Amino acid sequence: QTHSASLRHGPDGADAVDQRSCLIAPLLAQRELLGYLYADIDGLYGRFDDSDRNLLAMLASQAAVALANLRAAEGLERKVAERTEQLEQRAHELAVINDVVQAMSRSVADAAPVFEAILNGCSTLLPGTQQTVLLFDDNEHMLRLVAHNGPARDVLAQRFPVPVREGDRFQDALRAGRLMRYERVLADDDTPPALRQIVEAMRFGDCSQVFVPLRWEGRGIGTLIVV
């Protein structure tokens, strides 16, 4: 590697007509080596000299500046595109939050529209997923299905409600308000048997599930499930 233009004639010791003239000049921009500009000519057709080397060096300098400017422009465009995407994502998130807040203001005594707004928001932010809300019914000691968005409603309706069981590790985790994630429900060894049975009954193959805790006054009251 070289950081200055160079001229070479070869092979050494051969007559000029049998030699090849080779020119190479680095593409340097702000001390960064971007590449090289190369030219050669067979001795039968001509021979490069120092003036050709100097000319190639000048062209390489101009080309390096142009290339550096192009890369800088591409980097700026990429950053603008990334920032625009982030702003659009944030706008979607704020719209979802606004929908949930409006549903809460309109439905003080009825939580169903609120859950519906939450699930619709999840569908907007996470297309291609199913969402479910399960809540603990402390009066009757049951874990109930209160909302679902997706094709598995009938399967879930057949499985819920289920009694609250003391010592059930899965229900205890929900009560503790812990975030749980199963990357492959059917393949993972630590998948709770009841969860595995539900996914098998859905008949759409393996899937990933995340259980987002729903908390009230410091304790878990249920979960939002995204499949």
Side-chain angles (χ1 to χ4, degrees), residues 1-8 20-42 46 48-105 114-133 147-151 179-185 187-188 204-214 223-227:
Q1 293 186 353
T2 177
H3 284 192
S4 60
S6 63
L7 168 63
R8 179 180 180 275
R20 179 175 293 273
S21 295
C22 300
L23 284 172
I24 186 168
L27 299 173
L28 285 170
Q30 297 180 346
R31 299 184 179 181
E32 180 183 1
L33 181 62
L34 305 178
Y36 291 93
L37 189 59
Y38 173 83
D40 63 33
I41 187 172
D42 192 88
F48 290 141
D49 57 24
D50 290 345
S51 64
D52 297 314
R53 180 192 60 196
N54 295 337
L55 177 60
L56 190 70
M58 182 181 66
L59 292 175
S61 177
Q62 295 174 349
V65 172
L67 181 57
N69 289 339
L70 178 61
R71 289 187 175 182
E74 289 176 346
L76 180 60
E77 289 177 359
R78 183 167 56 252
K79 290 181 180 179
V80 169
E82 291 173 354
R83 182 57 177 161
T84 299
E85 183 178 356
Q86 292 172 358
L87 291 174
E88 290 177 349
Q89 177 67 19
R90 183 57 178 161
H92 285 309
E93 294 170 356
L94 291 174
V96 169
I97 293 172
N98 181 62
D99 290 342
V100 174
V101 171
Q102 289 188 14
M104 292 174 64
S105 66
V114 178
F115 290 129
E116 182 179 352
I118 292 173
L119 299 191
N120 288 337
C122 287
S123 294
T124 300
L125 298 176
L126 303 169
T129 63
Q130 299 186 51
Q131 309 87 33
T132 303
V133 175
H148 176 74
N149 184 16
L179 177 72
M180 294 182 288
R181 182 172 65 89
Y182 298 94
E183 190 169 330
R184 298 173 62 192
V185 172
D188 288 350
F204 54 57
D206 210 345
C207 64
S208 298
Q209 294 196 18
V210 61
F211 292 74
V212 182
L214 300 177
T223 183
L224 166 64
I225 309 169
V226 181
V227 181

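All values derive from a computational prediction rather than experimental measurement.
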Distance check, rounded to the nearest 0.5 Å: [X] atom [atom1] versus [Y] atom [atom2]?
X: Gln131; Y: His148; atom1: CD; atom2: NE2; answer: 8.0 Å
X: Arg8; Y: Phe48; atom1: CZ; atom2: CZ; answer: 14.0 Å
X: Ile225; Y: Met180; atom1: CD1; atom2: CE; answer: 8.0 Å
X: Asp206; Y: Arg184; atom1: CG; atom2: CZ; answer: 5.5 Å

Step through the shown structure and confirm whether more than 12 heavy atoms of other residues, nucleotides or ligands are within 6.0 Å of CD on Gln30.
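Atom CD in Gln30 is not crowded, with 12 or fewer foreign heavy atoms closer than 6.0 Å.
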Taking the side chain as every heavy atom from C-beta outward, state whether [X] and [Y] have any pair of such atoms under 4.5 Å apart.
X: Thr129; Y: Val227; value: no
X: Ser61; Y: Leu28; value: no
X: Leu34; Y: Arg71; value: yes
X: Leu37; Y: Leu23; value: no

Going by side-chain contact (heavy atoms from CB on, under 4.5 Å), name the residues that satisfy it together with Asn69, two or more places apart in sequence or in a different chain.
Val65
Shortest non-hydrogen contact from [X] to [Y]?
X: Val210; Y: Leu179; answer: CG2-CD1, 3.8 Å
X: Ala5; Y: Pro26; answer: N-CD, 3.8 Å
X: Val133; Y: Leu214; answer: CG1-CD1, 3.9 Å

Could you tell me if Gln130 and Thr132 have a donor-acceptor pair between their side chains, going purely by distance under 3.5 Å?
no
Validation: residues 50-58 side-chain donor-acceptor distances under 3.5 Å, sequence neighbours left out:
{"from": "Ser51", "atom 1": "OG", "to": "Asp49", "atom 2": "OD1", "distance (Å)": "2.5"}
{"from": "Asp52", "atom 1": "OD2", "to": "Asp49", "atom 2": "N", "distance (Å)": "2.9"}
{"from": "Asn54", "atom 1": "ND2", "to": "Asp50", "atom 2": "O", "distance (Å)": "3.3"}

Any donor-acceptor pair under 3.5 Å linking the side chain of Thr223 with the backbone of Val212?
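A pair under 3.5 Å: yes.
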